[in-house]
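Remarks on the structure that follows.
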Protein chains: 2
Amino acid sequence: MYNFEQVRYNMTNTIINESLKSIDTSSLVDKVEDGLVRLLQEKKLKVGDSIPKEVELAETLGVSRTVIREALLRLRMMGLIESKKKKGAVITSPDLFGILGKSMNPHILSQETLKGIFEIRLVLEIGMADFLFQRVTKADIEELKEIVSNEPPVAQFHLFNIDHEIAFHGKLYEITGNETLKKFQSLLLPVFDYVHNSGLLKQQSKLKTFVSHGGLVEILEKGTPEEFRNGMRSHLENHFVRLFESD
Amino acid sequence: MYNFEQVRYNMTNTIINESLKSIDTSSLVDKVEDGLVRLLQEKKLKVGDSIPKEVELAETLGVSRTVIREALLRLRMMGLIESKKKKGAVITSPDLFGILGKSMNPHILSQETLKGIFEIRLVLEIGMADFLFQRVTKADIEELKEIVSNEPPVAQFHLFNIDHEIAFHGKLYEITGNETLKKFQSLLLPVFDYVHNSGLLKQQSKLKTFVSHGGLVEILEKGTPEEFRNGMRSHLENHFVRLFESD
DNA sequence: TGTTTTTATTATGTATGACATAATAAAGGT
DNA sequence: ACCTTTATTATGTCATACATAATAAAAACA
């Protein structure tokens with residue numbers, strides 16, 4: 001069993017310390033939350049371990065169950081715990097970007113943030129070349145070629161086909177073997193799409209295709225990371241132009 | 001005034017729809033949360049607008065204040081609202097990565113996620129070259145040179161000086177002018193540091209310095225984005241070696 | 001009259017007690 | 001030994017009351 005009394009001590013300690021230098025602006029729930037988080041990481045609780053019941057915590061920490069519940073709710077939102085009826089709450093490994101998902105809504109983000117996210121996507125795709133080359137397999141190459149072969153004709157009015165873009169670039173993220181990166185990308189995607197189609201950036205002046213998807217695949221098959229970075233940079237040229245025109 | 005009655009309708013609607021195809025596993029709070037989020041983005045509420053009081057919401061939606069409070073708490077955690085005493089809750093523009101901060105704790109993340117984050121940092125620094133060149137100023141160059149001049153001697157036992165690393169690379173992120181990117185980086189930093197020093201990766205076999213900080217500054221001053229990407233890739237070579245050895 | 005101080009008012013924060021609900025464990029019957 | 005039924009238990013929800021801090025209103029003062 002874990003010494004949850006310690007949380008109480010830490011809480012009190014924090015209160016004293018902070019009252020000396022600055023006004024304590026944090027609420028009770030804040031303190032309980034901090035205490036619990038600290039405890040969870042100091043004691044090395046393994047995933048699956050269960051923490052005390054709400055009422056026990058409330059008694060031990062000397063606060064109401066209301067406060068405990070709010071604090072636990074926060075931990076749950078962070079993905080730190082999952083609570084099941086009867087069984088109580090158990091530790092879980094947080095899905096980092098799952099948490100972000102809810103906030104990652106184009107309609108509620110500031111323009112600056114939206115533009116920032118747009119840029120981050122470009123940064124990622126240029127910068128991930130080395131991981132692509134390290135981990136790409138022959139099967140991946142074949143799959144990419146398959147995707148490219150299904151590419152809709154470029155002579156359409158709309159700038160490019162979104163679904164196809166997603167398929168191709170999504171596959172690239174997959175090849176990196178970095179699950180975190182891939183999840184991150186799938187979060188960024190809707191925002192990227194939104195920015196691309198909104199009036200946030202200047203309209204695309206000229207629409208030249210530089211390095212094509214097919215060209216990128218060829219580089220990935222026979223070339224070097226350096227060549228791929230340059231190829232990707234060229235491939236994304238239209239986006240860069242729009243961004244830099246707005247600067 | 002906004003029609004918060006609509007939330008009630010949507011809630012009921014959702015319940016009905018979902019009960020037809022699958023068992024409704026979501027809790028009351030989930031529904032209220034969804035309803036509120038949907039409403040906030042459908043009606044285009046500007047930042048600073050205030051939403052109804054807890055009791056009003058409770059009455060309108062026909063649920064207890066407890067449920068409303070939990071739902072509002074979630075919105076607050078997402079950075080969607082801020083609540084002040086007396087004034088009620090007001091809409092705010094969410095600080096995307098501020099939310100992540102709490103979960104971004106090395107001790108509670110899985111090894112795979114930690115490694116993924118380590119890699120993402122490398123991707124970012126290689127990929128951001130174009131934005132550096134687009135937005136760098138003479139003052140920035142001077143500041144970088146100043147940082148480099150304070151570089152501690154490399155012939156130390158410990159691989160490199162963390163503070164100096166942070167100063168230099170942090171400044172680079174700053175130059176990109178992308179606040180979101182910079183915040184993201186400052187979140188990644190502790191994780192990166194943790195992974196670097198933990199036994200998660202193989203020990204550094206040979207410690208050669210490839211392109212130095214000074215070299216990077218020189219490229220940024222007189223070179224091209226392409227050269228910078230290659231320079232940065234070389235600069236980070238030691239990290240890449242460790243990663244790929246573990247593959 | 002204009003400015004400061006004091007006093008309400010109000011909405012969130014916290015506490016408490018009760019009941020509902022679902023998952024598990026225990027008891028019982030075949 | 002297996003299945004069904006009945007407790008048990010911990011979270012989910014509700015209701016009410018009071019504390020607290022921020023604001024607005026009123027009062028006092030110059």
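Protein chains get the first letters and strands the later ones, always in sequence-line order, with residue 1 at the start of each.
- B:Lys182 approaches B:Gly170 most closely through the heavy-atom pair NZ-O, 3.6 Å.
- Not one N or O on the side chain of A:Asp34 forms a donor-acceptor pair closer than 3.5 Å with the backbone of A:Lys31.
- Between the CG atom of B:Leu28 and the C1' atom of C:dA22 there is a distance of 15 Å, rounded to whole Å.
- Taking atom CG on B:Leu61 and atom P on D:dA15, their separation rounds to 13 Å, with Å as the unit.
- Recorded end-axis angle for the helix from C:dT1-D:dA30 to C:dT30-D:dA1 stands at 10°, based on five pairs per end and rounded to 10 degrees.
- At the heavy-atom level, A:Val55 lies nowhere under 4.0 Å from the strands shown.
- Nucleotide D:dT13 holds its C1' atom 14 Å from the CD atom of A:Glu70, rounded to whole Å.
- Remark: C1' of D:dG12 and CD of A:Glu54 are 9 Å apart, rounded to the nearest angstrom.
- Aromatic ring centroids of B:Phe244 and A:Phe131 lie under 6.0 Å apart.
- Between the side chain of A:Thr66 and the base of C:dA15 there is at least one donor-acceptor pair of N/O atoms closer than 3.5 Å.
- In this structure, B:Arg69 reaches the C:dG13 phosphate: one of its side-chain N or O atoms is under 4.0 Å from OP1 or OP2.
- Rounded to a whole Å, the CD1 atom of B:Ile51 is 12 Å from the C1' atom of C:dT12.
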Write out a two-atom table: protein N or O, nucleotide N or O from nucleotides 23-26 of chain C, distance below 3.5 Å.
none

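- At distances below 3.5 Å, at least one donor-acceptor pair connects side-chain atoms of B:Asp140 with backbone N or O atoms of B:Thr137.
- Whole-Å rounding puts the B:Leu57 CG to D:dC14 P distance at 14 Å.
- For A:Arg65 against C:dG17, a side-chain-to-base donor-acceptor contact under 3.5 Å is absent.
- The closest side-chain heavy-atom distance from B:Leu124 to B:Met128 is not below 4.5 Å.
- Rounded to an integer number of Å, the gap from CD of A:Glu59 to C1' of C:dA15 is 14 Å.
- A donor-acceptor contact closer than 3.5 angstrom links the side chains of B:Arg76 and B:Ser83.
- The shortest distance between side-chain heavy atoms of A:Ile117 and A:Met104 falls below 4.5 Å.
- Within the 4.5 Å cutoff, the side chain of B:Phe184 has no heavy atoms near those of the B:Asn178 side chain.
- Per the geometry, CG belonging to A:Leu73 stands 14 Å off P belonging to D:dT11, to the nearest Å.
- In this structure, the ring of A:Phe192 has its center no less than 6.0 angstrom from the ring center of A:His169.
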